[in-house]
Amino acid sequence: MQPQIFKANLLVSVVIPIIIAVVIVILYFTNESIPAWTLLLLIVPVIFSAAQLKTKLVIENDVLRYEKLIGGNEVSLDNVSEIVTREIETIVDRNQHDSHNVRPSGLSFSSNQRNPVNQERKVERLVYVLDASGRTHFSFPAGIIGLKNRQNFIDAVTAANPNIIVS
C-alpha cells in the first residue's frame, strides 16, 4: 500500500512566515534606530515554518502516524474503531495588561466574577482517534486534513479497516 500523507496548508506553513521575515527585514533596513539584535527575531518564522512543514499525518501499512517537529504518535488502524472531529471552545480572558489567560468554558466555582467585555471566545477543531472502548489514542488539529483532502483521508482509513467510523 502506498503511504497517504496529509499536511497542513502550504500558505500557512511557508508563505506567512516568509511575509513575517520580509516585514522584519524591511523594518530593520528602513529604520536606523532599530538595534542589530532584532534580526534574531527572524528565528521565529523559521521555527514556525519548520514545525508546520514537519507536522503531517501518514497512513501506511495499516498504521496511522501523526508526526510533529518533536515526537509524534502512531496506532494500528486495527485498534481504532472511530475517528471523530470535535470543536473545543475556550473562553479567553484579557486582563488590564493585555495578556491572555485561557479558561475552559463551563462551570466555574471561583469567587472572581468575569467581565464579559474582556472575554473572547476561541474555537479549535480537533480530530480524535478512538478505540472500541472510547479511549483516545491521540488527537491532532483538523487543519492537517483540510476540506479538500477529507474524502481522501476517509478512503485511506476505510481501505485499511472498513469497520472504522469517520465522522
Side-chain angles (χ1 to χ4, degrees), residues 1-60 63-75 77 80 83-106 114-130 136-157 166-167:
M1 178 177 157
Q2 284 278 37
Q4 296 286 325
I5 300 173
F6 301 94
K7 289 185 171 189
N9 189 350
L10 188 65
L11 175 73
V12 173
S13 58
V14 176
V15 175
I16 292 176
I18 288 174
I19 291 172
I20 292 170
V22 168
V23 167
I24 291 171
V25 169
I26 288 173
L27 286 175
Y28 175 75
F29 285 111
T30 59
N31 193 345
E32 296 174 3
S33 64
I34 295 179
W37 62 266
T38 55
L39 287 177
L40 290 175
L41 293 175
L42 291 173
I43 292 174
V44 174
V46 169
I47 291 173
F48 178 76
S49 181
Q52 288 291 322
L53 289 173
K54 180 68 177 160
T55 302
K56 61 185 168 185
L57 194 65
V58 180
I59 300 173
E60 180 180 27
V63 173
L64 178 64
R65 191 171 54 246
Y66 173 51
E67 299 176 357
K68 299 183 282 188
L69 183 63
I70 299 173
N73 298 315
E74 74 176 37
V75 65
L77 288 172
V80 175
I83 299 176
V84 295
T85 303
R86 298 282 184 249
E87 289 185 349
I88 306 300
E89 179 184 64
T90 56
I91 303 297
V92 179
D93 291 337
R94 286 180 274 147
N95 64 15
Q96 298 155 344
H97 301 292
D98 210 19
S99 64
H100 296 301
N101 297 320
V102 177
R103 294 184 189 169
S105 62
R114 294 183 184 182
N115 184 0
V117 174
N118 292 331
Q119 291 180 344
E120 195 174 288
R121 181 176 169 253
K122 180 181 173 187
V123 177
E124 283 183 283
R125 291 187 68 226
L126 297 174
V127 177
Y128 293 95
V129 180
L130 307 173
T136 303
H137 287 288
F138 61 89
S139 64
F140 56 90
I144 291 177
I145 298 171
L147 293 175
K148 292 180 182 177
N149 292 325
R150 179 133 176 99
Q151 189 59 47
N152 293 339
F153 176 75
I154 293 170
D155 293 342
V157 167
V166 181
S167 57

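Here, residue 1 is the first one in the sequence, and each next residue gets the next number.
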Undergrad: May I ask you to decide whether Lys122 forms a salt bridge with Glu120, counting only side-chain N to carboxylate O separations under 4.0 Å?
TA: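 Salt bridge between Lys122 and Glu120, a charged N being under 4.0 Å from a carboxylate O: no.
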
Undergrad: Please work out whether the ring planes of Tyr66 and Phe140 are parallel, tilted or perpendicular, with thresholds of 30° and 60°.
TA: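 Tyr66 and Phe140: tilted rings.
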
Undergrad: Please tell me if the side chains of Arg150 and Val166 come closer than 4.5 Å, counting only heavy atoms from C-beta onward.
TA: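 In short, these two side chains touch, coming nearer than 4.5 Å.
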
Undergrad: Could you give the distance from CD (Glu124) to OG (Ser139), rounded to the nearest 0.5 Å?
TA: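 Rounded to the nearest 0.5 Å, the CD-OG separation comes to 9.5 Å.
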
Undergrad: What distance do Ile144 atom CD1 and Arg125 atom CZ have between them, rounded to the nearest 0.5 Å?
TA: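 With rounding to 0.5 Å, CD1 (Ile144) is 12.5 Å from CZ (Arg125).
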
Undergrad: Please determine whether side-chain contact (heavy atoms from CB on, under 4.5 Å) holds for the pair Ile59 and Val63, giving the CA-CA distance in whole Å, both sets of side-chain angles, and the decisive distance to 0.1 Å.
TA: CA-CA 6 Å; Ile59 300 173; Val63 173; over 6 Å; no

Undergrad: Between CD1 of Ile5 and CD of Glu67, what distance do you get to the nearest 0.5 Å?
TA: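 One gets 8.0 Å once the value is rounded to the nearest 0.5 Å.
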
Undergrad: Could you go step by step and tell me if Ile24 and Thr38 meet the side-chain contact (heavy atoms from CB on, under 4.5 Å) rule?
TA: CA-CA 8 Å; Ile24 291 171; Thr38 55; 5.9 Å; no

Undergrad: Quick one: do Leu130 and Val84 satisfy side-chain contact (heavy atoms from CB on, under 4.5 Å)? Show the steps, please.
TA: CA-CA 8 Å; Leu130 307 173; Val84 295; 3.9 Å; yes

Undergrad: After noting the C-alpha distance and the side-chain angles of Ile154 and Gln151, does the key distance pass the side-chain contact (heavy atoms from CB on, under 4.5 Å) rule?
TA: CA-CA 5 Å; Ile154 293 170; Gln151 189 59 47; 4.2 Å; yes

Undergrad: What is the distance from atom NZ of Lys7 to atom CG of Asn149, rounded to the nearest 0.5 Å?
TA: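 Rounded to the nearest 0.5 Å, the NZ-CG separation comes out at 12.5 Å.
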
Undergrad: Show which side-chain atoms of residues 26-34 pair as donor or acceptor with protein atoms under 3.5 Å away, not counting sequence neighbours.
TA:
unit_1 : atom_1 : unit_2 : atom_2 : d
Thr30  : OG1    : Ile26  : O      : 2.7
Asn31  : OD1    : Ser33  : N      : 3.2
Asn31  : OD1    : Ser33  : OG     : 2.9

Undergrad: So Arg86 and Leu126, do their side chains get closer than 4.5 Å, heavy atoms only?
TA: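 The answer is no, as the side chains (C-beta and beyond) never meet within the 4.5 Å cut-off.
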
Undergrad: Do Phe153 and Ile83 touch side chain to side chain, with heavy atoms closer than 4.5 Å?
TA: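 Side chain of Phe153 against side chain of Ile83, heavy atoms only: contact under 4.5 Å found.
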
Undergrad: Distance-only criterion, 3.5 Å: show the donor-acceptor pairs between side-chain atoms of residues 40-56 and protein atoms not counting sequence neighbours.
TA:
unit_1 : atom_1 : unit_2 : atom_2 : d
Ser49  : OG     : Ser13  : O      : 2.8
Thr55  : OG1    : Ala51  : O      : 2.7

Undergrad: Between Leu57, Asn73, Val80, which is the residue that forms a side-chain contact (heavy atoms from CB on, under 4.5 Å) with Leu64?
TA: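 Only one of Leu57, Asn73, Val80 forms a side-chain contact (heavy atoms from CB on, under 4.5 Å) with Leu64, namely Leu57.
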
